[in-house]
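Beneath this line is the structure, given in structure tokens, with notes to follow.
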Amino acid sequence: MNIIIFGAPGAGKGTQSDLLAKNFSLKKISTGDLLREEINNKSDLGKKIKDLIEKGQLVSDEIIIDLIENIFKDQNKNFNFVFDGFPRTLKQAEILEKKLKNYNEKIDFVFNLEVNRDEIIKRISGRIFCTKCNKIFNNHFNSPLSSEHKCGDSYLKKRADDTVEVVEKRYDTYIKQTAPLIKFYIEANNLHTVSGLSSINEIFGQITSLIKQ
Ligand code: AMP
């Protein structure tokens with residue numbers, strides 16, 4: 001089974017794809033995580049994309065397709081993916097379709113997490129994560145100080161692209177380049193829109209029942 005978790009930045013894609021990966025034994029592919037790894041490793045690719053990401057722009061389709069192709073090559077026909085933050089352009093979606101077909105695979109579900117712009121800006125501007133346990137927190141509604149987080153404050157960090165200015169840019173990029181994919185997946189007949197404003201467990205419950213229907 002292959003699933004796409006779709007939505008604007010800050011819609012909750014990472015959280016829901018982690019839950020799907022764990023509960024349905026899927027491999028999570030977050031292109032954002034893969035790109036940040038390149039930046040942290042200071043690889044040639046990392047140096048090339050750092051600026052673009054920190055300005056809230058998209059990395060080129062060619063770079064993204066190469067990343068995905070490398071993962072597919074290593075799969076040994078075991079395709080059980082949850083894609084988080086990919087595809088983000090029509091070209092990426094079309095190429096994903098073609099590549100999956102080559103392996104006799106398809107996308108089974110696309111879950112579109114719907115969250116309004118004001119909520120997105122609020123969520124992302126408060127977002128922080130722990131560099132030790134990788135958990136994501138939020139200063140506005142899920143503070144690491146009031147939760148059971150034990151790693152210590154020194155590990156808490158903000159993503160370089162999680163500032164208000166960059167989030168506004170990322171949201172615009174989403175509307176212009178990524179939101180048109182909603183029509184693409186409606187036509188492909190596998191899009192399910194779920195409100196991203198409910199609680200994490202409620203959203204996951206809705207997604208789970210759609211999968212099991
Ligand atoms: P994310 O962690 O998914 O919010 O991604 C962080 C940033 O990485 C995005 O704002 C883009 O600059 C870049 N990025 C991640 N995935 C893609 C993709 N599929 N296509 C183009 N750029 C991407």
Side-chain angles (χ1 to χ4, degrees), residues 2-21 27-43 45-72 81-100 107 110-115 117 119-131 134-138 157-182 184-185 196:
N2 298 297
I3 297 178
I4 294 173
I5 293 287
F6 189 86
K13 301 190 295 296
T15 306
Q16 294 300 327
S17 47
D18 281 343
L19 286 169
L20 279 166
K27 185 173 159 70
K28 174 178 157 176
I29 306 291
S30 156
T31 41
D33 285 350
L34 294 172
L35 296 170
R36 276 185 291 279
E37 215 175 285
E38 296 288 338
I39 294 176
N40 290 339
N41 293 339
K42 298 194 167 54
S43 69
L45 174 59
K47 287 177 197 155
K48 201 163 137 187
I49 60 179
K50 186 171 185 284
D51 256 20
L52 277 177
I53 291 188
E54 290 180 4
K55 281 187 199 144
Q57 294 169 17
L58 292 187
V59 169
S60 75
D61 288 334
E62 289 67 29
I63 289 175
I64 300 293
I65 302 299
D66 274 358
L67 284 178
I68 296 295
E69 182 55 41
N70 284 336
I71 293 168
F72 282 8
F81 289 117
V82 52
F83 296 102
D84 162 13
F86 170 80
R88 258 178 159 102
T89 64
L90 206 52
K91 187 165 173 203
Q92 289 178 21
E94 285 166 355
I95 292 181
L96 173 63
E97 202 106 314
K98 261 195 215 154
K99 290 207 180 289
L100 285 174
I107 294 293
V110 182
F111 296 109
N112 173 29
L113 302 180
E114 219 170 36
V115 178
R117 186 180 184 276
E119 177 68 17
I120 295 282
I121 309 275
K122 185 173 157 200
R123 282 187 187 183
I124 295 205
S125 61
R127 188 156 77 172
I128 36 175
F129 72 102
C130 175
T131 50
N134 281 324
K135 281 214 175 100
I136 297 170
F137 301 95
N138 200 297
K157 217 177 147 188
K158 224 176 145 45
R159 264 172 57 173
D161 59 346
D162 274 354
T163 62
V164 173
E165 305 80 61
V166 183
V167 171
E168 285 176 345
K169 174 71 195 152
R170 284 164 66 197
Y171 188 79
D172 288 349
T173 304
Y174 166 78
I175 294 295
K176 281 193 198 120
Q177 292 180 263
T178 308
L181 288 185
I182 292 174
F184 178 88
Y185 285 115

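Start at 1 and go down the list; that is how both ligands and their atoms are numbered. As the structure is a prediction and not an experimental result, all values here were calculated from the model.
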So for Val59 against ligand 1, with non-hydrogen atoms under 4.0 Å, the contacting part is both

For ligand 1, is there an N or O atom under 3.5 Å from any N or O atom of Asp84?
no

Test salt bridge (charged side-chain N to carboxylate O under 4.0 Å, His left out), reference Asp18, set Lys27, Lys13, Lys28, output is Lys28

* Asked: Does the side chain of Glu38 pick up a donor-acceptor pair with the side chain of Ser43 at under 3.5 Å?
  -> yes

Are Phe72 and Phe81 near enough that their ring centres are under 6.0 Å apart? yes

Does ligand 1 have any atom sitting under 4.0 Å from a heavy atom of Arg36?
-> yes

Under 4.0 Å from one or more heavy atoms of Gln57, ligand 1 contributes atoms 11 (C), 12 (O)

Are Leu52 and ligand 1 in contact, using a heavy-atom cut-off of under 4.0 Å? no

Any heavy atom of Arg159 under 4.0 Å from ligand 1? The part involved is side chain

So, are Lys98 and Glu94 salt-bridged, with charged N and O less than 4.0 Å apart?
-> no

Donor-acceptor contact below 3.5 Å, side chain Gln92 vs main chain Arg88: yes

Short question: side chain of Lys158, backbone of Asp162 - any donor-acceptor pair under 3.5 Å? yes

Looking only at non-hydrogen atoms, the one of Asp162, Thr173, Leu35, Thr31 nearest atom 14 (N) of ligand 1 is Leu35

